[in-house]
2 protein chains.
Amino acid sequence: MIFSKTCEYGTRAVIYIAQQTKNNKRTSLKDISEQIGSPEAFTAKILQQLVKHNILISTKGANGGFAVDKKKLKRIKLMHIVFAIDGGEYRDMCVLGLKKCSAKDPCPVHHKFKHVKKDLLSMLNNTTLDELTNKMNDGKSFLKLD
Amino acid sequence: MIFSKTCEYGTRAVIYIAQQTKNNKRTSLKDISEQIGSPEAFTAKILQQLVKHNILISTKGANGGFAVDKKKLKRIKLMHIVFAIDGGEYRDMCVLGLKKCSAKDPCPVHHKFKHVKKDLLSMLNNTTLDELTNKMNDGKSFLKLD
DNA sequence: ACTAATTCGGACGTGTTTATCCGATTAATT
DNA sequence: AATTAATCGGATAAACACGTCCGAATTAGT
């Protein structure tokens with residue numbers, strides 16, 4: 001859909017990990033993939049990527065696992081996760097796939113789409129990890145639904 | 001990006017064809033793919049699909065080519081093209097990729113995303129082919145930019 | 001009738017995303 | 001020291017999206 005599957009799994013994982021972090025728990029790959037309903041080995045790759053981008057902290061060995069730096073919970077935005085995985089391509093996306101679609105040289109849909117794009121980007125840019133975990137803890141949101 | 005490449009090419013093609021139709025010209029695959037900058041053979045497949053979905057009319061043989069039923073120019077919406085190619089998946093799309101994300105059982109991003117989704121869908125649902133070709137004829141929009 | 005221009009349909013090839021597997025490494029527990 | 005539980009990194013496989021090729025069918029013009 002709008003984001004790659006990698007990005008979807010990655011975001012769900014980060015939210016779950018952040019939630020556990022708030023409860024002072026580190027969480028393992030196995031636990032994560034079970035809780036968010038994602039393939040384990042594939043999720044491992046995604047988490048590695050997020051560690052490299054300093055969104056997650058990992059510790060090896062027994063009792064190891066993943067966590068989020070608590071100080072960063074309010075600083076990390078959805079945008080950071082999405083950009084870490086899918087790259088910054090969303091900035092200049094064009095509905096019709098033109099490489100250089102701009103206000104000056106627009107595709108026919110440009111001006112009707114720009115508001116949607118702006119809203120999407122500001123949503124990604126304003127939604128914090130902290131906020132999302134709160135919704136989880138309220139018990140009113142889910143990371144796995146079939 | 002947001003739509004598949006197939007869908008991007010397809011939409012560009014339909015807009016170009018509609019523009020030619022307005023000038024009472026049928027247009028050939030070769031012409032189309034040149035004008036919108038898409039791979040010819042691949043575009044052929046997409047156009048076939050759009051013919052099957054009654055968005056385009058094709059005529060075989062010498063002097064053949066593609067056109068849009070003029071009476072439909074104001075009836076065909078961006079949505080119809082997108083749905084014909086990518087399917088109706090956009091209706092229930094979830095940022096986090098959950099199959100059954102809804103107001104009742106939402107993912108943590110659901111309520112922040114629903115406005116964006118609504119705007120996107122209404123944009124697709126309100127933008128007519130006629131309107132898009134007008135922007136082309138004004139010379140202020142492009143279907144090919146590199 | 002013949003030729004040229006075109007779409008149609010099916011098979012095939014390529015590339016990217018999604019996904020798995022396994023050995024190496026690290027750290028806690030016994 | 002040995003065992004166990006975990007992440008890391010590289011190779012590989014499967015599925016899907018993207019793209020090509022070519023012969024068959026159709027139509028217009030000569």
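Labels below follow one simple rule: chain letters A, B, ... track the order of the sequence lines, proteins then strands, and each chain is numbered from 1. Note that the structure is a prediction, hence the values are computed from the model and not measured.
The side chain of A/T6 contributes no N or O atom lying less than 4.0 Å from OP1 or OP2 of C/dT17. Remark: A/Q48 is in phosphate contact with D/dG9, judged by side-chain N or O atoms under 4.0 Å from OP1 or OP2. For A/S58 and D/dA6, the shortest distance from a side-chain N or O to OP1 or OP2 is not below 4.0 Å. Between A/Y9 and C/dA19 there is a side-chain polar atom (N or O) within less than 4.0 angstrom of OP1 or OP2.
One end of the helix from C/dA1-D/dT30 to C/dT30-D/dA1 points its axis 0° away from the other end's axis, with each axis taken from 5 pairs and the angle rounded to 10°.
A donor-acceptor contact shorter than 3.5 Å is absent between the side chain of A/H53 and the backbone of A/L50. Checking side-chain atoms of B/S33 against main-chain N and O of B/P39 turns up no donor-acceptor pair under 3.5 Å. Within the 3.5 Å criterion, the main-chain N or O of B/K140 finds no donor-acceptor partner in the side chain of B/D138.
Taking atom CD1 on B/I57 and atom P on C/dT6, their separation rounds to 18 Å, with Å as the unit. With rounding to whole Å, B/K5 atom NZ is found 13 Å from C/dG15 atom P. Protein atom CG of A/D86 is 9 Å distant from nucleotide atom P of C/dT17, rounded to whole Å. In this structure, B/L50 places its CG atom 15 Å from C1' of C/dC8, rounding to the nearest Å. Straight-line distance from the CZ atom of B/F66 to the P atom of C/dA5: 17 Å, rounded to whole Å. Here the C1' atom of nucleotide D/dC18 and the CD atom of B/E8 are 12 Å apart, to the nearest Å. Rounded to an integer number of Å, the gap from A/I32 CD1 to D/dA6 P is 11 Å. In this structure, A/L29 atom CG and C/dT26 atom P are separated by 19 Å, rounded to whole Å.
Ring orientation note: the planes of A/F83 and A/Y90 are close to parallel, at an angle under 30° on the 30°/60° scale.
Set against D/dT7, D/dA25, C/dA4, the side chain of B/A62 has C/dA4 as its closest nucleotide. Checked against D/dC8, D/dC18, D/dA6, the side chain of A/K60 finds its nearest nucleotide in D/dC8. Nearest to the side-chain atoms of B/S28 among the listed nucleotides C/dG9, D/dT7, C/dT7 stands C/dT7.
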* Does the salt bridge (Lys or Arg N to Asp or Glu O under 4.0 Å) test come out yes or no for B/E8 and B/R12, once each step is laid out? -> CA-CA 6 Å; B/E8 291 172 353; B/R12 304 219 302 265; 5.0 Å; no

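Side-chain contact between B/E40 and B/K30 is present, with at least one heavy-atom pair separated by less than 4.5 Å.
For the side-chain hydrogen bond (donor to acceptor under 3.5 Å, both in side chains) condition, the pairs that include at least one residue of residues 106-118 of chain A, sequence neighbours left out, are A/H111-A/K114, A/K112-B/T127, A/K112-B/E131.
Within residues 33-47 of chain A, the residues having any heavy atom closer than 4.0 Å to DNA chain D are, in order of number, A/K45.
One side chain, A/T43 or A/S38, offers a donor N or O that lies under 3.5 Å from an acceptor on the other. Side-chain contact check for B/R75 and B/T128: no donor-acceptor pair (N or O, by modelled atom type) lies under 3.5 Å. In summary, the side chains of A/T133 and A/K22 do present a donor paired with an acceptor at a separation below 3.5 Å, with no hydrogens or angles considered.
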